[in-house]
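I have placed the structure first, in the form of structure tokens, so that the comments after it can refer back to it.
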Amino acid sequence: SSDYKIKSDLSKKQLEEFRKEPWKLDGLLHPYSKLIFQNMLCSHTLLERNSDITFYFTGREALDAMFEEMEKARHHIHLQSYIILSDKTGERLKKLLIKKAGEGVNVKVMYDDIGSFSLKKSYVKELAAAGIEVIRFAPIRLVTPASKLNYRNHRKILIVDGITAFLGGVNIADRYYYGISSGDWYDTHVRIRGNSVYSIQASFLMDRNFAMDRKFRFSRKYYPKININLSSGNDRLQEHQIYTQIISSGPDSDWAGIMGCYFGAITAAEKHIYIMTPYFAPNPTILNSLKTVALGNVDVKILLPEKSDSRVAQWSSMSYVSELLEAGIKIYLFGKGFNHAKVISIDGKMCMVGSANFDNRSFEHNFEIMSAIYDEERTSVIESHFSDMLNSSTCLSLLKWEKRSRKEKIAESLSRLWSPLL
């Protein structure tokens with residue numbers, strides 16, 4: 001699509017600029033110059049400057065912020081979610097979108113057909129009747145090849161008027177807002193204002209083109225004028241700005257960009273790595289990189305849920321615990337509700353937040369999106385939240401872990417066999 005070509009051309013131009021003048025990446029960005037170049041080559045992403053990045057650490061906080069932003073929309077609302085359900089939260093969304101469409105706002109909604117399998121047809125019809133474009137990603141049909149059924153769109157994106165964007169782990173369903181039986185729903189979602197909104201917008205429009213099997217010409221109306229130049233004249237990058245790369249990957253990507261970014265960040269760590277993920281079933285590349293850096297005296301902490309929303313996924317995650325503990329990695333189980341966040345932070349200097357879990361499905365099969373944020377202040381917010389979560393968690397010891405029941409060990413081993421398909 002034209003959006004992809006523009007994004008690719010801009011990325012190549014920026015990469016050439018930094019190769020000719022590498023001193024522009026001095027300061028905070030210098031330790032991650034290899035990772036930045038890697039992301040540009042693998043994902044055709046830009047290093048972009050932003051004026052504001054705000055984190056939300058519960059589903060309720062994130063959804064309230066998203067609804068508030070949509071209420072202010074004047075030109076367009078582009079919403080993409082793996083899950084949209086016809087429950088209270090879904091009804092709240094529907095009423096708001098129909099209202100905004102009635103005010104003349106251009107509204108587009110995209111959802112994954114398997115993730116939103118329970119979404120009522122009447123819900124979709126009401127949106128369409130209000131003039132809202134509703135896109136069903138990879139619809140399930142009797143003749144659908146099994147290979148295509150395996151490729152799901154797991155991205156959660158909201159763009160409002162081309163100037164504010166959200167991404168992260170929060171879907172549109174009651175459990176994200178009201179929590180589940182074991183407690184509140186913890187997650188991590190990010191609001192971005194600045195140049196990175198362009199990249200998030202491009203991701204949405206490319207998915208739209210993919211889902212509708214159409215090609216659309218570039219439309220300036222979805223890209224309000226933003227200065228995307230990173231420097232002025234021969235000046236160094238302005239360090240008071242927040243620099244990010246938006247990385248999209250999926251079955252249509254040349255490379256497994258998000259997995260590559262995780263690997264590059266993990267192997268670049270010198271002091272510590274903090275990870276939050278609800279599902280942990282990594283491929284050998286990521287697993288071995290974590291164990292290797294831990295053996296090299298990097299402090300690696302991984303926060304997993306004590307109780308998962310999927311019993312099989314929980315068993316699969318637990319099957320990795322012994323070898324992680326043996327390598328010196330600290331494993332914590334969060335017991336105050338359910339933590340659905342997909343976050344990694346490195347050395348207090350950079351962090352990554354997005355839709356991708358630490359599992360093979362997110363790395364290889366799903367359409368995913370992630371923000372790599374090169375900023376100490378924002379990373380400190382992530383790491384402070386991580387510390388708070390540890391206060392409500394149990395740290396596992398290898399001695400006690402090995403004493404778990406034989407039944408649990410068998411369930412974990414069998415689940416691990418299925419982990420590439422989960």
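This is a predicted model, so every value here is computed, not measured. Side-chain atoms are counted along with the backbone in the values below, which use heavy atoms only and exclude waters and symmetry mates.
- Side chains of Pro305 and Phe334 form no contact here, defined as non-hydrogen atoms less than 4.5 Å apart.
- Using modelled atom types, one finds no donor on one side chain facing an acceptor on the other under 3.5 Å when comparing Thr45 with Gln245.
- With rounding to the nearest 0.5 Å, the separation of CD1 in Ile247 from CG in Leu46 is 11.5 Å.
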**Report entry** Test side-chain hydrogen bond (donor to acceptor under 3.5 Å, both in side chains) applied to Glu48 and Ser199, step by step
**Finding:** CA-CA 9 Å; Glu48 295 164 311; Ser199 291; 2.8 Å; yes

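- A ring-centre distance under 6.0 Å is found for His272 and Tyr274.
- Using a 3.5 Å distance cut-off with no hydrogens or angles, the side chains of Ser196 and Thr244 do pair a donor with an acceptor.
- Side-chain rings of Tyr374 and Tyr243 stay apart, their centers remaining 6.0 Å or farther from each other.
- Separation of atoms CD (Glu368) and OG (Ser355) is listed at 3.5 Å; rounding is to 0.5 Å.
- Judged by the 6.0 Å and 45° rule, Lys88 forms a cation-pi pair with Tyr178.
- Using a 3.5 Å distance cut-off with no hydrogens or angles, the side chains of Ser316 and Arg416 do not pair a donor with an acceptor.
- A salt bridge (charged side-chain N to carboxylate O under 4.0 Å, His left out) check over residues 55-75, counting only residues at least two apart or in different chains, returns the pairs Asp64-Arg92, Glu69-Lys72, Glu69-Arg193, Glu71-Lys99.
- Side-chain polar atoms of Ser405 and Glu408 form a donor-acceptor pair below 3.5 angstrom.
- Contacts of Phe166 classified as ring-ring contact (aromatic ring centres under 6.0 Å, His included), with partners at least two apart in sequence or in another chain: none.
- Taking the ring axis of Phe55 as reference, the NZ or CZ atom of Arg378 does not stay both within 45° of it and closer than 6.0 Å to the ring centre.
- No side-chain heavy atom of Ile36 sits less than 4.5 Å from a side-chain heavy atom of Asn39.
- A donor atom on one side chain and an acceptor atom on the other are not found under 3.5 Å apart for Asp9 and Ser11.
- Between Glu326 and Lys291 there is no salt bridge, since no side-chain N of the basic residue sits under 4.0 Å from a carboxylate O of the acidic one.
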Query - Candidate pair Asp207 and Asn153, rule side-chain hydrogen bond (donor to acceptor under 3.5 Å, both in side chains), full reasoning - result: CA-CA 9 Å; Asp207 279 357; Asn153 198 312; 3.0 Å; yes

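- Ring centers of His78 and Tyr222: under 6.0 Å apart, within the cut-off.
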Report task. Test Lys336 against Glu306 for salt bridge (Lys or Arg N to Asp or Glu O under 4.0 Å), laying out the working first. Result -> CA-CA 8 Å; Lys336 185 183 175 183; Glu306 185 176 289; over 6 Å; no

Requested in this report: Determine, step by step, whether His385 and Phe57 satisfy the ring-ring contact (aromatic ring centres under 6.0 Å, His included) criterion, reporting the C-alpha distance in whole Å, the side-chain angles of both residues, the deciding distance to 0.1 Å, and the verdict.
Outcome: CA-CA 8 Å; His385 172 66; Phe57 296 119; 3.8 Å; yes

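- For the atom pair CD1 (Ile84) and CG (Asp112), the distance works out to 10.5 Å, reported to the nearest 0.5 Å.
- Scanning both residues, Phe280 and Leu304, for their nearest heavy atoms gives CB-CD2, 3.7 Å.
- Ring geometry for Trp185 against Tyr176 counts as tilted: the plane angle lies between 30° and 60°, on a 0 to 90° scale.
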**Report entry** Stepwise side-chain hydrogen bond (donor to acceptor under 3.5 Å, both in side chains) test for Asp52 and Thr54
**Finding:** CA-CA 7 Å; Asp52 177 67; Thr54 301; 3.2 Å; yes

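- Counting heavy atoms from C-beta on, the side chains of Met70 and Val160 come closer than 4.5 Å.
- Taking Phe367 as the reference, Phe137, Phe210 meet the ring-ring contact (aromatic ring centres under 6.0 Å, His included) condition, with sequence neighbours excluded.
- Here the rule is ring pair (Phe, Tyr, Trp, His ring centres under 6.0 Å) with Phe358, and of Tyr279, Tyr262, Tyr320 only Tyr262 fits it.
- Two rings, from His340 and Tyr186, have their centers 6.0 Å or more apart.
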